[in-house]
Structures are given as structure tokens and as C-alpha cells.
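Here is the structure we will look at, set down as C-alpha cells.
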Amino acid sequence: MSKTYVIFAEIRGGKLRQVTFETIQAARLAKDDGDRIVAALLGHGLSAFAQELSGYGVDQVVSVDHAELAHYNPETYFSALAGILDTANPHAVLFGHTAIGRDLAPKIAAHLQAGQISDVIALEKTGDGLSLTRPLYAGKAFEKKRFTQGPMVITIRPNNVPAAEAVPGSQAEMAATPFSPAADLRSVVKDVVHKASGKVDLTEAKIVVSGGRGVKSADGFRTLEPLAEALNAAVGASRGACDAGYCDYALQIGQTGKVVTPEVYIACGISGAIQHLAGMSQSRVIIAINKDPEAPIFKIADYGIVGDLFEIVPLLTQEFKKVLA
């Protein structure tokens, strides 16, 4: 009997998030021949997003289009997604391990009376089921977990599972689910104001340029922006930089901030406290710039530069602009 894998297609900034395509690939890795992949799409004005998803080899795109879903609200999104799942009878539901995914997945797991495994970085089919790998202790250890029975709820850490590629000629079945928000909503989201804006989403960026207390000031933190722009990178920060008021907390990476797994992480003036490492230690290549040769960040860095970041960062920016021009 065929099984259904439902992926939650997340929209941010007027486009589908990269992790959406990573969850599609995760579903492909998990499913057997004959199983179905259904994309659940929530929001307002969804036709273009539905058509885009259709080209990635999913079997069905189920849309819930309503003005009340234009911005994320835990109550409305849960209600709309639960309606889709009650009809789909899923074997598994996959989310990105994002702010929305981390909030919504436990609610859905409770609704389905399902088990949940979060922050998954790898999937593998084995003789006794699906083996899921997730990091522990700031990436110092890893554990493999599996479900003993379904349904399953899984969140996928961005930038770990390769994104699904478009399938030429693919055309999914389209379906629309009616939705009426409850009359007694405890909260209504009218608008979302982004305090920290950037060209590249921090959690999905391939390159991150991050600053710590070593940047010394808000003006010093802005030294990193030309380098990030030259590399098409996102800008991040340690908690120390945020606490000092050098930048907004939306940029914080670490145990109490965002978790990132870029291909390249450039740490500028960051000492390497364990709380910060918890948010970036799984980066593929780590480059540290610090004038203290004994800084703990050098212990995990693949490449290190001992020196003044205010001299080194502008030089790197100039050279990258030449090479990438």
C-alpha cells in the first residue's frame, strides 16, 4: 500500500525558501517506489508558488489560500495544515528546521499523535526503517534515531540535505482546500516589520560573514558588510556583539540564536565561546580572523588569520572583488 509524504512548503520574502526543496529531496530519499509526495502550501496569492512546486516532481500540491494566512500565525497555520493532513493521512510530515517549522511541527505531531525527530542533517533507508542523523552537544557528537511506527514528523536543518532539482516536464495534480479562520482567534497578525533586512537569508546562506565583540562598535560591525556583499553572503553575529548593541539580535548565531550550516563561515573578531559554536560548528569550512592567537575559535577553524580584522577584512574585500568581478 502506497504511503504519503507531506512536505510543508514555506514562503518567506515573496519566494519559496530553499529548505522547501531540501524537504522535497528528503522525502524522495525516504519514500519507496509508488509512494506519493504532497506539498502543502499555505498563504495568500499562491498560484505562482504552486506552479513552481509542480516542476519539482511532487505528485500533488494542496493550497490553502486565504488573506488570514498572508503572515504566519500559529493558530491559523495549524488549523489550515491540520485540515490538509486529516485528508492526506500522511505517513510522514516534513518541515524545515526554521522558526516556523520548529513552532508548527510539535503542534502537528500532537495532532497526529505522532513521534517527532528534529534538526535532522541526514537520512538513510536501512533494513529496520529510516535512519535519521542529528547533531548533539554543539556538533561534538551525533545520534542516529528511527521511528518504530508512524506517522512521523521530521524537521530538516537547512543546508544539509541537497536541494531537489527541477524535473523537466513534471506536472503535479493541483488541489485547493477551503479555509475559514476561527472567529475567536487569540491573536491576528496585521503586518510583519523586519528590523534586520538583508539580501541573503542567514539560515540558508551558502556563505556567512559574522562579527563578534572584536568589531568594537556598530561602525566596526558595518566593516563586514562590503565583504558580505562581495561574496553574496549573509551577515551574522555572536551574542556578544548583539549584547553590546553593535547589531540587531536577528543576526545572532549560537545556542540562543540561529543555527547555520553554510559552506563557508568567516568569523571576524569572534573568540569562539561554546554558546556561539553551537550555532555554527557544522559549517563546512570555517575561517577565523582574530588578533589573539590563543582564541578558542582557532581550534575548530579550517583556516586562521592572526591579525587586526580592520586591516584584513578590507584587504579580503578588495581581493574578492577582483577575483569575482
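For the single chain, residues carry numbers from 1 onward in sequence order. The shown structure was predicted, so the numbers you read here are calculated from the model rather than taken from an experiment.
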Pair L46, V61 - check side chain to side chain contact (heavy atoms under 4.5 Å, CB included), show working. CA-CA 11 Å; L46 300 176; V61 178; over 6 Å; no
K3 and D35 ion-paired at < 4.0 Å: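 So K3 pairs with D35 through a salt bridge.
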Distance from [X] atom [atom1] to [Y] atom [atom2], nearest 0.5 Å?
| X | Y | atom1 | atom2 | value |
| --- | --- | --- | --- | --- |
| S283 | D302 | OG | CG | 9.0 Å |
| C242 | R213 | SG | CZ | 10.0 Å |
| L104 | T155 | CG | OG1 | 11.5 Å |
| Y77 | H71 | OH | NE2 | 9.0 Å |
| F147 | I117 | CZ | CD1 | 3.5 Å |
| S281 | I253 | OG | CD1 | 11.5 Å |

List the atom of [X], the atom of [Y], and the distance in Å for their closest heavy-atom pair.
| X | Y | result |
| --- | --- | --- |
| L130 | M152 | CD2-CE, 4.4 Å |
| A39 | L53 | CB-CD1, 4.0 Å |
| V64 | A80 | CG1-CB, 3.9 Å |
| I289 | I312 | CG2-CD1, 3.8 Å |
| I37 | A27 | CD1-CB, 3.9 Å |
| R134 | L136 | NH1-CD2, 3.6 Å |

What is the ring orientation for F95 with F8, classed by angle as parallel under 30°, tilted 30 to 60°, or perpendicular over 60°?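 Rings of F95 and F8: tilted, 30 to 60°.
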Geometric class of the H276/Y265 ring pair [parallel <30°, tilted 30-60°, perpendicular >60°]: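 Because their plane-to-plane angle lies in the 30° to 60° range, the rings of Y265 and H276 count as tilted.
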Modelled atom types, side-chain donor and acceptor of [X] and [Y], under 3.5 Å:
| X | Y | result |
| --- | --- | --- |
| Q60 | E173 | yes |
| Q171 | S54 | yes |
| D103 | Y72 | yes |
| E124 | T126 | no |

For atom [atom1] of [X], decide whether the heavy atoms of other residues, nucleotides or ligands shown that lie under 6.0 angstrom number more than 12.
| X | atom1 | result |
| --- | --- | --- |
| K125 | NZ | yes |
| E165 | CD | no |
| Y303 | OH | no |

Sidechain-backbone polar pair: [X] side chain, [Y] backbone, donor-acceptor under 3.5 Å:
| X | Y | answer |
| --- | --- | --- |
| Y5 | H91 | no |
| N160 | P158 | yes |
| T23 | T20 | yes |
| S271 | A295 | no |
| S79 | T76 | no |
| E204 | Q18 | yes |
| T317 | V313 | yes |

Are side-chain heavy atoms of [X] and [Y] found at a separation under 4.5 Å?
| X | Y | answer |
| --- | --- | --- |
| M280 | I300 | yes |
| F179 | L42 | no |
| N89 | T4 | no |
| Y249 | D243 | yes |
| P90 | L112 | yes |
| E22 | N159 | yes |
| F221 | L251 | yes |
| V264 | L231 | no |

Same apolar cluster (I L V M F W Y, side chains within < 4.5 Å links), [X]/[Y]:
| X | Y | result |
| --- | --- | --- |
| V120 | V153 | no |
| V161 | L132 | yes |
| V38 | F49 | no |
| V19 | L16 | no |
| L316 | V235 | yes |

Step by step, work out the side chain to side chain contact (heavy atoms under 4.5 Å, CB included) result for I156 and H97. CA-CA 5 Å; I156 304 294; H97 193 69; 5.8 Å; no
Quick one: do N232 and I207 satisfy side chain to side chain contact (heavy atoms under 4.5 Å, CB included)? Show the steps, please. CA-CA 7 Å; N232 191 31; I207 304 174; over 6 Å; no
Full working for side chain to side chain contact (heavy atoms under 4.5 Å, CB included) between H111 and D86: CA-CA 9 Å; H111 176 72; D86 289 345; 2.9 Å; yes
Partner of T98 under side chain to side chain donor-acceptor pair (under 3.5 Å), picked from R157, R12, E10, is E10
Give me the one residue out of I270, V215, L224, I266 that meets side chain to side chain contact (heavy atoms under 4.5 Å, CB included) with S210.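 Between S210 and the candidates, side chain to side chain contact (heavy atoms under 4.5 Å, CB included) is satisfied uniquely by I270.
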